[in-house]
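Here's the structure, in structure tokens; my notes come after.
Chain letters run A, B, ... following the sequence lines, proteins first, then strands; residues in each count from 1.
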There are 2 protein chains.
Amino acid sequence: MLSMKCKYALKALVVLAAEGKKLPSSAIAQKARVPAKFLEAILTDLRKADALTSERGAHGGHTLKGAPEKIMLGHVVRAMDGMLAPIPCASTFYYKKCDDCTDEKICVIRHAMLEVRNKISEVLDGLSLEDLLNMSPKKKQQLFW
Amino acid sequence: MLSMKCKYALKALVVLAAEGKKLPSSAIAQKARVPAKFLEAILTDLRKADALTSERGAHGGHTLKGAPEKIMLGHVVRAMDGMLAPIPCASTFYYKKCDDCTDEKICVIRHAMLEVRNKISEVLDGLSLEDLLNMSPKKKQQLFW
DNA sequence: TTAATCCATATAACTCTAATAGGAATTGAA
DNA sequence: TTCAATTCCTATTAGAGTTATATGGATTAA
């Protein structure tokens with residue numbers, strides 16, 4: 001399950017990608033329809049995840065860091081929610097051994113979940129913000145949801 | 001994320017599939033290395049999900065309902081954890097509209113997550129308990145994890 | 001009658017989620 | 001210098017979900 005936080009993060013980044021310019025968090029919150037104060041925390045996390053840069057003070061705001069086609073959904077989801085894999089022992093970036101497993105090389109649950117994690121990764125690490133924008137039939141009106 | 005409950009459920013079913021006979025929950029708990037009392041509740045859910053049948057009283061126990069090749073992982077995971085999709089609006093079996101979305105037909109987040117949900121479904125609805133057993137290189141010794 | 005077993009309900013500790021609140025620090029402009 | 005806009009930081013909170021454990025009732029075979 002994607003958390004609301006992660007979904008909001010994606011929406012915020014789509015807005016930034018579509019506008020292609022610096023935006024204050026209040027503007028992002030309004031365009032993405034996301035609780036403003038919650039979004040502030042999310043934007044901080046996105047900055048730490050190197051997805052955007054922020055400028056403080058009057059006329060400050062947030063700017064996408066790098067081109068929209070370089071920012072992949074997998075990166076964002078991992079930064080917000082952690083691993084893509086259904087269980088820790090099947091994760092590449094957030095691997096953790098199971099307590100109830102003696103030999104993970106033969107674990108059939110893990111084998112199955114590795115397949116799942118690879119499919120999820122194929123999709124999310126293969127989709128960029130730019131790809132998301134291009135999915136929208138109403139791109140020009142900037143209606144994405 | 002798969003819950004422990006779901007993981008335990010899968011392990012219990014693998015044990016039942018491997019043994020191919022009626023087993024009391026205590027035996028399943030021991031072979032699957034799952035907390036006994038927690039497992040009892042899980043077995044009840046699996047019965048409600050039509051994955052096994054139970055007999056009460058002395059010499060009672062739980063038996064897989066139907067052939068192992070007919071019980072799919074997707075069915076089990078849905079019964080334990082709910083939807084496979086990352087977000088409710090992308091779920092087939094547990095669909096629910098998003099509050100922050102005006103037109104889901106154009107929602108780019110949903111489109112991306114539909115791809116993910118379909119891939120997950122392809123794997124989990126394509127894998128049976130029998131497939132899991134066959135994944136194990138130590139099938140004869142009944143070591144699955 | 002007894003022991004084994006499933007079944008049902010309650011509870012508890014813990015963590016996670018989805019926020020909200022309040023204010024400090026920074027910046028550009030009047 | 002002062003003001004307003006803005007990010008940034010820390011704390012708090014209500015509610016839900018997770019992962020169990022405890023107790024005892026109901027059922028069944030020997």
Side-chain angles (χ1 to χ4, degrees), chain A residues 1-12 16 21-30 32-49 51-65 77 79-83 86-88 94 96 98-100, chain B residues 1-12 16 21-30 32-49 51-65 77 79-83 86-88 94 96 98-100:
Chain A
M1 257 288 271
L2 225 58
S3 66
M4 291 309 285
K5 178 180 168 186
C6 185
K7 188 186 177 189
Y8 292 162
L10 290 172
K11 292 181 76 172
L16 280 171
K21 65 180 182 193
K22 182 170 62 182
L23 286 178
S25 74
S26 55
I28 302 174
Q30 180 232 308
R33 282 212 228 88
V34 163
K37 208 62 179 138
F38 194 14
L39 180 65
E40 274 191 39
I42 292 168
L43 290 169
T44 298
D45 286 346
L46 285 174
R47 182 170 41 78
K48 286 176 185 163
L52 48 79
T53 55
S54 310
E55 290 168 55
R56 313 174 89 183
H59 305 306
H62 307 272
T63 318
L64 221 56
K65 189 167 182 180
V77 173
M80 296 298 114
D81 287 356
M83 66 183 180
I87 41 177
Y94 295 83
K96 191 171 174 298
C98 298
D99 290 332
D100 56 330
Chain B
M1 256 287 269
L2 224 57
S3 67
M4 291 307 287
K5 179 181 168 185
C6 185
K7 188 186 178 189
Y8 292 163
L10 290 172
K11 292 180 76 171
L16 279 171
K21 64 180 183 195
K22 182 171 61 184
L23 286 177
S25 74
S26 55
I28 301 174
Q30 179 232 309
R33 281 209 229 91
V34 163
K37 212 56 184 146
F38 194 15
L39 180 64
E40 273 192 41
I42 293 167
L43 291 169
T44 298
D45 286 346
L46 286 173
R47 182 169 41 77
K48 286 175 185 162
L52 49 79
T53 55
S54 309
E55 291 168 54
R56 315 175 88 183
H59 305 305
H62 306 271
T63 318
L64 221 56
K65 190 167 182 179
V77 172
M80 296 298 114
D81 286 356
M83 67 183 178
I87 41 178
Y94 296 83
K96 192 172 173 297
C98 298
D99 291 331
D100 55 331

Next item on the list: Whole angstrom is fine here: how far is it from CD1 in A/Ile42 over to P in D/dC8?
Entry: 14 Å
Next item on the list: Can you figure out which of C/dT27, C/dA3, D/dC9 approaches the side chain of A/Ala58 most closely?
Entry: C/dT27
Check: Is there a donor-acceptor contact under 3.5 Å from the side chain of A/Lys96 to the main chain of A/Pro88?
Finding: no
Checklist line | Closest to side chain of A/Ser3, choosing from C/dA4, C/dA18, D/dA20 | finding: C/dA18
Item checked: Whole angstrom value for the distance that separates P of D/dT13 from NZ of A/Lys37 -> 17 Å
Check: Checking all strands, does A/Glu55 fall into the base, sugar-phosphate, or nothing category for heavy-atom contacts under 4.0 angstrom?
Finding: sugar-phosphate
Checklist line | Under 3.5 Å donor-acceptor, A/Lys7 side chain and B/Ile87 backbone | finding: no
Checklist line | Candidates A/His62, A/Lys22, A/Lys65 - the one meeting side-chain hydrogen bond (donor to acceptor under 3.5 Å, both in side chains) with A/Ser54 | finding: A/His62
Margin query: Can you identify which nucleotide, out of D/dA20, C/dT5, D/dT7, has its nearest atom closest to the B/Phe38 side chain?
Written below: D/dA20
Check: How close or far is atom P of C/dT17 from atom CD1 of B/Ile87, stated in whole angstroms?
Finding: 16 Å
Next item on the list: Using whole Å, report how far CG of A/Asp100 lies from C1' of D/dT19.
Entry: 13 Å
Notebook entry, point to check: Whole-Å distance between C/dT26 C1' and A/Lys22 NZ?
Noted result: 13 Å
Notebook entry, point to check: Can a donor-acceptor pair under 3.5 Å be found between the side-chain atoms of B/Lys5 and the base atoms of D/dG17?
Noted result: no
Check: Distance check: side-chain N/O of A/Ser54 vs OP1/OP2 of D/dT6, anything under 4.0 Å?
Finding: no
Notebook entry, point to check: Whole-Å distance between D/dT7 C1' and A/Leu23 CG?
Noted result: 14 Å
Notebook entry, point to check: Hey, which of these two, A/His59 or A/Cys6, hits DNA chain C nearer its 5' end, going by closest nucleotide?
Noted result: A/Cys6
Margin query: Does D/dA20 have OP1 or OP2 under 4.0 Å away from a side-chain N or O of B/Tyr8?
Written below: yes
Check: Can you check the B/Asp45 CG to C/dC6 C1' distance for me, whole Å?
Finding: 14 Å
Next item on the list: Apply the test side chain to side chain contact (heavy atoms under 4.5 Å, CB included) to residues A/Leu23 and A/Leu16: give CA-CA distance (whole Å), side-chain angles for both, the deciding distance (0.1 Å), then the verdict.
Entry: CA-CA 7 Å; A/Leu23 286 178; A/Leu16 280 171; 4.0 Å; yes
Checklist line | Closest listed nucleotide, where the reference is the side chain of A/His62 and the choices are C/dC7, D/dA20, D/dT7 | finding: D/dT7
Checklist line | B/Met1 CE - D/dT19 C1' separation (whole Å) | finding: 12 Å
Check: Where the side chain of A/Ser25 is concerned, which of D/dT7, D/dT19, C/dC6 is the nearest nucleotide?
Finding: D/dT7
Next item on the list: Quick one: closest heavy-atom pair of A/Met1 and A/Asp81, and the distance?
Entry: O-OD2, 3.9 Å
Notebook entry, point to check: How do B/Pro24 and A/Arg56 order along DNA chain C: which one's closest nucleotide is nearer the 5' end?
Noted result: B/Pro24
Item checked: Candidates C/dA3, C/dC7, D/dA20 - which lies nearest the side chain of B/Thr44 -> C/dC7
